[in-house]
There are 2 protein chains.
Amino acid sequence: MPVMELLNRLGSAARIETFNVDHVLFHRGDATHHMYGVTHGQAHLRRITREGAEIIVHRAQGGELFAEAALFSSHYHCDGIAIAGAKIAVFEKTAMLDLMQRDGAFAVMFCQRMAGQVQRLRSNIELRAMRSAEDRIMAALSLRLGERDTHYELPGTWKGFAQEIGLTHEALYRALKRLEQSKRLKREGRSIQLGV
Amino acid sequence: MPVMELLNRLGSAARIETFNVDHVLFHRGDATHHMYGVTHGQAHLRRITREGAEIIVHRAQGGELFAEAALFSSHYHCDGIAIAGAKIAVFEKTAMLDLMQRDGAFAVMFCQRMAGQVQRLRSNIELRAMRSAEDRIMAALSLRLGERDTHYELPGTWKGFAQEIGLTHEALYRALKRLEQSKRLKREGRSIQLGV
DNA sequence: CGTCCGCTTGACTCAGATCAAACTTGGTGG
DNA sequence: CCACCAAGTTTGATCTGAGTCAAGCGGACG
């Protein structure tokens, strides 16, 4: 788990904090002094529009980095919130940047993580451009499968999957049913068989 | 323009190619030897689903890097296509990685670019989660505006804007009209005034 | 044993997609 | 300088499929 790796590498420039109620880690506009990593639970990036609506820009899960963009910006662009029950690793921004400058291999690894994220985010956007629920599901599954694979074990819940691809769970279940009826996939619980 | 910067830094490990018809830069599954940058025109990342449907995973514009993920992967995950009329910078993968390893500042800069992209992509996804065209437009504009700004000059066309936020141009124009009628914005050509 | 949550299905509604058509703008080339 | 073509802009009519609300089932977990 790279969050743990980071904790070791940074030594005293890192620590872990635990929150048993929702807690604001930073406010939009604050000067950036830290980057974070989620070790347990969730953390959210949130933005308030000028009309007062709240939009969640990102939900980080256990194992993921959080607010990486802080490294490259003088102030935060969103509010950062640790959700009740979360354990959050806190890294000194300057120490991180130093480490990247000094250790090329580390910098490359960090870039790799970011590149992976960019890839996944892009795929997700293109996915959501598909109007039809059925196409969207099939495309999402295709993206998650290897080239020749035809079987897939859903990591989370179907409801969660629906959210990830931008559908309501009802729409998802109905589309799944149609896909099964037209023999484009078979499923049993959370295990999926493509084609036939 | 950072693509140009890269060309200088990499010297003989970089070159520019021009394409007057659509051209496949690389196929999915090919070993990765190059990363690219778009200097003019467009390049697409494309994937073919097992049902034969084509999905465009990414459309890179002039000035953007293209297929950065190739740096961290042994083979391409998509097909890469230079659109007719494009000028594409071609960078040796190994030279890029070397440079990043050796030059910490360069690595940090590269990460910064990626971080910026991640931010924009995330915002975009959250944007598309909004059902209402009006909310979507207002939120998109809010994201592009500075905190206190109230005026904005649209960089591209309205039609392009519609695509970026996942609406048809018809839906966009109609929603704009409603927003104007309810005095939530005013516009004149491509210049926009929020509120009143 | 009760509660929570994921799962599943039904009925209805509506906002945005789609198809169509006209007008404007801008740029190209003769 | 004007004719012309391509692309953006604007509006109308219609339709459809996903959202919403509602309700019931079953398994997990304390």
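A quick note: this is a predicted structure, and the numbers were derived from the prediction, not measured. In what follows, chains are A, B, ... by sequence order, proteins preceding strands, each numbered from 1.
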Tabulate atom names and distances for all N/O pairs under 3.5 angstrom spanning the protein and nucleotides 14-18 of chain D.
residue: D/dA18; atom: OP1; partner: A/Arg131; partner atom: O; Å: 3.1
residue: D/dA18; atom: OP1; partner: A/Ala133; partner atom: N; Å: 2.9

For the backbone of A/Gly160 and the side chain of A/Thr157, can you confirm whether one donor and one acceptor N or O come within less than 3.5 Å of each other?
yes
We want to know whether B/Thr32 and B/Lys93 form a side-chain donor-acceptor pair, criterion being a heavy-atom distance below 3.5 angstrom.
yes
Rounded to whole angstrom units, what separation is found between the CZ atom of B/Arg174 and the C1' atom of C/dA15?
11 Å
Using distance alone, with no hydrogens and no angle criterion, decide if B/Asn124 and B/Arg120 have a side-chain donor and acceptor under 3.5 Å apart.
no
From CD of A/Glu188 over to C1' of C/dC7, roughly how many Å is that when rounded to an integer?
16 Å
Among A/Arg113, A/Glu68, A/Met100, which residue meets the side chain to side chain contact (heavy atoms under 4.5 Å, CB included) test with B/Cys111?
A/Met100
Would you call the rings of A/Phe19 and A/His23 parallel, tilted or perpendicular if under 30° counts as parallel and over 60° as perpendicular?
parallel
Within this structure, what is the CD-to-P distance between B/Gln163 and C/dA17, rounded to whole angstrom?
12 Å
Is the backbone of B/Arg28 close enough, under 3.5 Å, to the side chain of B/Asp79 for a donor and an acceptor to pair up by distance?
yes
Check: protein-nucleotides 6-10 of chain D nitrogen or oxygen pairs below 3.5 Å:
residue: D/dG8; atom: OP2; partner: B/Lys159; partner atom: NZ; Å: 3.2
residue: D/dG8; atom: O3'; partner: B/Arg190; partner atom: NH2; Å: 3.3
residue: D/dT9; atom: OP1; partner: B/Trp158; partner atom: N; Å: 3.4
residue: D/dT9; atom: OP1; partner: B/Arg190; partner atom: NE; Å: 3.3
residue: D/dT9; atom: OP1; partner: B/Arg190; partner atom: NH2; Å: 3.1
residue: D/dT9; atom: OP2; partner: B/Trp158; partner atom: N; Å: 3.1
residue: D/dT9; atom: OP2; partner: B/Lys159; partner atom: N; Å: 2.9
residue: D/dT9; atom: OP2; partner: B/Tyr173; partner atom: OH; Å: 2.8
residue: D/dT9; atom: O5'; partner: B/Tyr173; partner atom: OH; Å: 2.8
residue: D/dT10; atom: OP2; partner: B/Arg187; partner atom: NH1; Å: 3.0

Euclidean distance, atom CG of residue A/Leu154 to atom P of C/dG6 [Å, nearest integer]
13 Å
Evaluate the ring planes of A/His34 and A/Tyr36, with Trp represented by its six-membered ring, and classify them as parallel (under 30°), tilted (30 to 60°) or perpendicular (over 60°).
tilted
Test your reading of the model: is there a side-chain donor-acceptor pair from A/Glu180 to the backbone of A/Arg187, 3.5 Å cut-off?
yes
